[in-house]
There are 2 protein chains.
Amino acid sequence: MAGSSTELEHGLSERAQTLLKTLVERYIREGQPVGSRTLARDSKLDLSPATIRNVMADLEELGLVASPHTSAGRVPTARGYRLFVDSLLTVKPLRPATVSRLKRELGERAETPAEVIESASSLLSAVTRLAGVVMLPRVEQVTLRQVEFLPLSGNRVLVILVTNNAEVQNRIIHTGRTYSAAELEAAANYINREFAGRDLRGIREAVAAAMARARDDMGRIMETALAVADRAFEGRRDDDFVLAGQNHLLEYQEMADIERLRRLFEAFNTKRDILHLLDQSLDAEGVQIFIGQESGYEVLDSCSVVTSPYRVGDQVVGVLGVIGPTRMAYDRVIPIVDVTARLLGAALSSE
Amino acid sequence: MAGSSTELEHGLSERAQTLLKTLVERYIREGQPVGSRTLARDSKLDLSPATIRNVMADLEELGLVASPHTSAGRVPTARGYRLFVDSLLTVKPLRPATVSRLKRELGERAETPAEVIESASSLLSAVTRLAGVVMLPRVEQVTLRQVEFLPLSGNRVLVILVTNNAEVQNRIIHTGRTYSAAELEAAANYINREFAGRDLRGIREAVAAAMARARDDMGRIMETALAVADRAFEGRRDDDFVLAGQNHLLEYQEMADIERLRRLFEAFNTKRDILHLLDQSLDAEGVQIFIGQESGYEVLDSCSVVTSPYRVGDQVVGVLGVIGPTRMAYDRVIPIVDVTARLLGAALSSE
DNA sequence: GTTAGCACTCTATGTATTTGAGTGCTAAGG
DNA sequence: CCTTAGCACTCAAATACATAGAGTGCTAAC
């Protein structure tokens, strides 16, 4: 009865499932098309190659496997992998050594948030031997902790913004006129006094409102503060991600096509497509997998992307994951991505 | 007479030089071994292929050209390229459009020093279609402009260091005990008052001296200041470089060996070897070229590196350059590297 | 439903053969 | 003595062909 229920899920007999599973596992391990004889040996079903060939013909019909040519074995298709990861996969528990390594390097070694992100990406790539990506956390509410204005030559002002806990941003803004160090300091003091702890966007609105209201009857300090702050708090879309270990991709046979590779690396550089893809996982529950063309981006054909959102507090703030050939060890990669997402969240929260 | 003098320089007849030059130029353009017939047509010497073959035999004897196999044309060796760039090369003046592009994007578009460096690297790579590298400027004298200490949870302090003009560094230090915001502010004030404008290393020494001298009879503020500053001003070796456009290397036929490529990219990641190589150019006069194995690093076999130091004021502070296949358009690349070095220096000075 | 048997297909590998580009050498000519 | 035509020679690349082996699909028997 259990048998018939699993059978109904995707119209595959228990036996066919076992065989598909064995085939995918074997192919992932060896990278060679799997023939009926091998499969007969590998699966413990005690069936003759001939029988298995019949099953394979069915699986091929269903688009779950394909053979590169008549006299080669079978290879999983994207749909085959999909079925595999969805209902056949037995996830491998992580080695304790791996877990503690992740914990150590994420929690203890890394200091600033930027370093933590960087580590997460490197770790993902090092542990999986794939390319690791970590989207920068999109912090909806960036609160001002402290601001500093320093005059530079040529009507420029160096703005140092300390936000949230330990994030430091600095930018240079061009102002309409020259401000003295004293003026700027007073202005910064004013802003820190008035706005510390408040949301950056809110501050900018408050500043705009104040400017509109006050016009010419405001004091020198406030005028400076508002003029500078208006430009200093300009929203900055920092949709971005940190990539590590694209080199690993060179190690895989299936990435040998140099022109494909170039286009893939180009996409890593351009970032746009990859970001779009990661964005899609922002509101997914847990680990999500894009297999081959599923991602919808041509450069990622024959690649799979395994992602997971990560949260700070109970708020999802970003996505991380790995990118590699479709033929990757999903049973190992999935838990690694999963755990790293949790640990990254924890590390960022504790800052 | 002029003829005989050039001849003596490297024991090559004027004619042999012309032929070598033509051969190298042709090979750089086409990427195919050059045969005697082609060479006869290309060089305007009005010689028969047979004569040219004789000359080629001589050049081969001298190790300046080689043939991949008996019945292929000749290809320049590393020594051949060397002679070519040293005495045969006619450098191509840059197109005004290129120059103004470099100027615009380096001088105007980029704001902070970090952005300028980044641009320089991208530009080098974009304009030459090779990989661009820019060593971070090693500023011997890092003067303190302003320091800020902010308390974080768990005995940690966020240090924001504004140095020289507009460089902002931030780091997190762990302290022996918890300091209050007020304590830290007072300490920062003390340091800013006492040490602003002085050399970072000098400050640390002064602090160490003060700590040794003062022991327990110093005021609370000074104690805090010294304790924190001691850790905050720790020297930080930031030997590093910014790499751009390694993707371009995938476009070249001669980089098709995927295993070599992997090792090269690995070297880019490790940075150590590349840094060593760049270091060697620090005290060179102008543009320097490493051809093939000349660099001494195995990964760079069949690569050439064209570098130039760049200066801020009259002080050499770093090196930039490009990395690409030995077969690169030296006549174009050399002036680009040269000009970019000057422009980068200028852009950094004007900050 | 399962399986043995068999013809068939297709790749990979190895071996000749041919073609063409380019060389080195030699001998003749200025 | 330098230059060049001529020619034999070499070698890579292309082409064709044969062979071996892996694996299939199909059929017929169990």
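Values below: every heavy atom of this structure, side chains too, minus hydrogens, waters and symmetry copies. The shown structure was predicted, so the numbers you read here are calculated from the model rather than taken from an experiment.
- Listed candidates were D:dG25, C:dG24, D:dT4. Nearest to the side chain of B:N54 is D:dT4.
- Residues passing the side chain to side chain donor-acceptor pair (under 3.5 Å) test with A:E251 are A:R129, A:H248, sequence neighbours excluded.
- B:F84 has its side chain out of reach of B:L23: every pair of non-hydrogen atoms, C-beta onward, lies at least 4.5 Å apart.
- An angle of 20°, rounded to 10°, separates the two end axes of the helix from C:dG1-D:dC30 to C:dG30-D:dC1, each defined over five pairs.
- Ion pair A:E259/A:R263 flagged as a salt bridge, since at least one NZ, NE, NH1 or NH2 atom sits closer than 4.0 Å to an Asp/Glu carboxylate oxygen.
- Applying the salt bridge (Lys or Arg N to Asp or Glu O under 4.0 Å) criterion to B:E60, with sequence neighbours excluded, gives B:R74.
- Residues A:L83 and A:L62 fail the side-chain proximity criterion, which asks for heavy atoms closer than 4.5 Å.
- Distance B:M56 CE to C:dC25 P: 16 Å, rounded to the nearest Å.
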Check: protein-nucleotides 8-10 of chain D nitrogen or oxygen pairs below 3.5 Å:
residue, atom, partner, partner atom, Å
D:dT10, O3', B:T70, OG1, 3.4

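- Residue A:D58 contributes atom CG, which lies 11 Å from atom P of C:dT2 at whole-angstrom precision.
- Residue A:R15 contributes atom CZ, which lies 9 Å from atom P of C:dG1 at whole-angstrom precision.
- Spacing between atom NE2 of A:H69 and atom C1' of D:dT24 amounts to 10 Å, rounded to whole angstrom units.
- Residue A:R74 places none of its side-chain N or O atoms closer than 4.0 Å to OP1 or OP2 of D:dA22.
- Looking only at atom types and distance, the side chain of A:S281 has a donor-acceptor partner in the side chain of A:T307 under 3.5 Å away.
- Annotation: salt bridge (Lys or Arg N to Asp or Glu O under 4.0 Å) contacts of B:R332 (sequence neighbours excluded): none.
- Nucleotide D:dG23 holds its P atom 15 Å from the CD atom of A:E60, rounded to whole Å.
- The shortest side-chain heavy-atom distance between B:S121 and B:L320 does not fall under the 4.5 Å cut-off.
- Sorted by residue number, the members of residues 22-53 of chain B with any non-hydrogen atom under 4.0 Å from DNA chain D read B:L47, B:S48, B:A50, B:T51, B:R53.
- Side-chain atoms of A:R53 do not come within 3.5 Å of backbone N or O of A:S36 as any donor-acceptor pair.
- Ring geometry, B:Y297 versus B:H276: the interplanar angle falls under 30°, so the pair is classed parallel (tilted spans 30 to 60°).
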Item to complete: Apply side chain to side chain contact (heavy atoms under 4.5 Å, CB included) to A:Q280 and A:L277, showing your working.
Response: CA-CA 5 Å; A:Q280 290 174 38; A:L277 184 58; 4.2 Å; yes
